[in-house]
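All of these numbers come straight from a predicted model, not from anything done at the bench. Both counts, for ligands and for their atoms, begin at 1 and track the order of listing.
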Amino acid sequence: MKGKFIVFEGVEGAGKTTQMRRLLHFIQQKQLAEAGVVATREPGGTKLGKELRCLLLETESVELVSNRAELLMYAADRAQHVEAFLLPELAKGSIVLCDRFTDSTVAYQGYGRGLNLDLIKQLNEIATGGLQSDLTLWLDINVEEGLSRVMARGKRDRMEQADLEFHRRVQRGFADLAEENRDRIFRIDADRPEDEVAEAIQSIVISKLEAWR
Ligand code: Z5A
């Protein structure tokens, strides 16, 4: 595998989508990726994933999705994404930017929903076949601030409607993961103006790209 895999993580409203778009543009503009740069997301990075995304996030599902069913649906989305999109892109040498990956499952289904963390680790391993990010940018923001950004945007999905305590547990999950994976996960203070966050991300990515050469 020749490419590099960069993941954005964090609670709702942290600015992942905004910053991923900005980094994509920055890498293209500065011609930092010889074999190209692409952006994708979970859930929903493949055709099957888009179907699963609707089922997972729409507020009016056919019936209440159980916690274990939800876990398996995220795993199915990921398995397809790895096989059909991520591995082929990385094999081509692309820099792949991804909005959420395995750490979201640990934080949301593990810390948030309270499902067994060892089981989630095993399931992540099955879904990814061992693929890990080369760099994860954890956009750390106060939960209330993130949710207020999302609320200002309008309609909220099924996850965003969960109670505040749920989102605080998710936040704790990301904090623990960052502590346990210091070599892979970089914390970015996301409670700052968009330009400042973008500059912090660009400087980490530039130094990583140099180190990977
Ligand atoms: N999920 C899961 O449970 N398990 C899993 O394994 C995976 C996912 C992979 C995906 O939904 C959901 O799936 C997610 C977790 C769950 N839960 N929810 N909901 P999503 O992809 O639709 O949602 P998200 O990933 O949380 O994205 P988001 O809510 O859109 O947040 P964001 O991407 O971090 O933020 P944004 O869209 O870039 O910005 C939000 C707003 O803030 C927007 O109006 C921006 O203009 C504004 N913004 C951005 N940056 C700033 C700054 N710096 N200052 C002020 N305002 C800003």
Considering distance alone, does some N or O of Arg41 sit under 3.5 Å from an N or O of ligand 1?
no
Run the salt bridge (charged side-chain N to carboxylate O under 4.0 Å, His left out) test on Arg149 and Glu145 for me, step by step, so that the C-alpha distance in whole Å, both residues' side-chain angles and the decisive distance to 0.1 Å come before the verdict.
CA-CA 6 Å; Arg149 284 183 188 175; Glu145 172 59 25; 3.5 Å; yes
In ligand 1, which numbered atoms sit nearer than 4.0 Å to a non-hydrogen atom of Arg53?
11 (O), 20 (P), 21 (O), 22 (O)
Using a strict cut-off of less than 4.0 Å between a Lys/Arg side-chain nitrogen and an Asp/Glu carboxylate oxygen, indicate whether Glu70 and Arg113 qualify as a salt bridge.
yes
Do Leu55 and Met73 have side chains that get closer than 4.5 Å, going by heavy atoms?
yes
Should Asp163 and Arg169 count as an ion pair when the cut-off is N to O under 4.0 Å?
no
Are any of the N/O atoms in Tyr108 less than 3.5 Å from those in ligand 1?
no
Does Arg21 have a heavy atom less than 4.0 Å from any atom of ligand 1?
no
Distance-only N or O hit between ligand 1 and Leu57, under 3.5 Å
no
Side chains of Asp140 and Gln171 only: does a donor on one sit below 3.5 Å from an acceptor on the other?
yes
Per-atom contacts of ligand 1 with Thr18, taking only distances under 4.0 Å to non-hydrogen atoms:
36 (P), 38 (O), 39 (O), 45 (C), 49 (C)
Within 45° of the ring axis of Phe101 and under 6.0 Å from its six-membered ring centre, is that where the NZ or CZ of Arg78 lies?
yes
Any heavy-atom pair between the side chains of Thr40 and Val96 that's under 4.5 Å?
yes
Taking Glu165 first and then Arg168, would you say they form a salt bridge - that is, a charged N and a carboxylate O separated by under 4.0 Å?
yes
For ligand 1, which atoms sit closer than 4.0 Å to a heavy atom of Pro193?
53 (N)
Whether Phe166 and Tyr108 hold their rings parallel, tilted or perpendicular, with breakpoints at 30° and 60°
tilted
Show me which atoms of ligand 1 lie under 4.0 Å from any heavy atom of Arg153.
28 (P), 29 (O), 30 (O), 37 (O), 40 (C)
Go through ligand 1 atom by atom and flag the ones less than 4.0 Å from a non-hydrogen atom of Arg100.
8 (C), 9 (C), 10 (C), 14 (C), 15 (C), 24 (P), 25 (O), 26 (O)
For Arg78 and ligand 1, answer yes if some heavy atom of the residue is under 4.0 Å from a ligand atom, otherwise no.
yes
Of the listed options (Leu147, Thr105, Asp195, Leu56), which comes nearest to atom 6 (O) of ligand 1 when hydrogens are ignored and any heavy atom counts?
Thr105
Which one of His81, Arg149, Glu42 has a non-hydrogen atom at the shortest distance from atom 42 (O) of ligand 1?
Arg149
Salt-bridge test for Asp77 and Arg41: reply yes if a basic N is under 4.0 Å from a carboxylate O, no otherwise.
no
Does the residue Glu70 have a heavy-atom contact with ligand 1, meaning some pair of atoms that are separated by less than 4.0 Å?
no
Can you tell me how far apart OG (Ser94) and CZ (Phe85) are? Round to the nearest 0.5 Å.
7.5 Å
If we only consider heavy atoms of Gly10, is any one of them less than 4.0 Å away from an atom in ligand 1?
no
If we number the atoms of ligand 1 from 1 as shown, the ones under 4.0 Å from a heavy atom of Ala14 are 34 (O)
Geometry only, no angles: is Thr17 polar-contacting ligand 1 at N/O separations under 3.5 Å?
yes
Within the structure, does Val150 bring an N/O atom to less than 3.5 angstrom of an N/O atom in ligand 1?
no
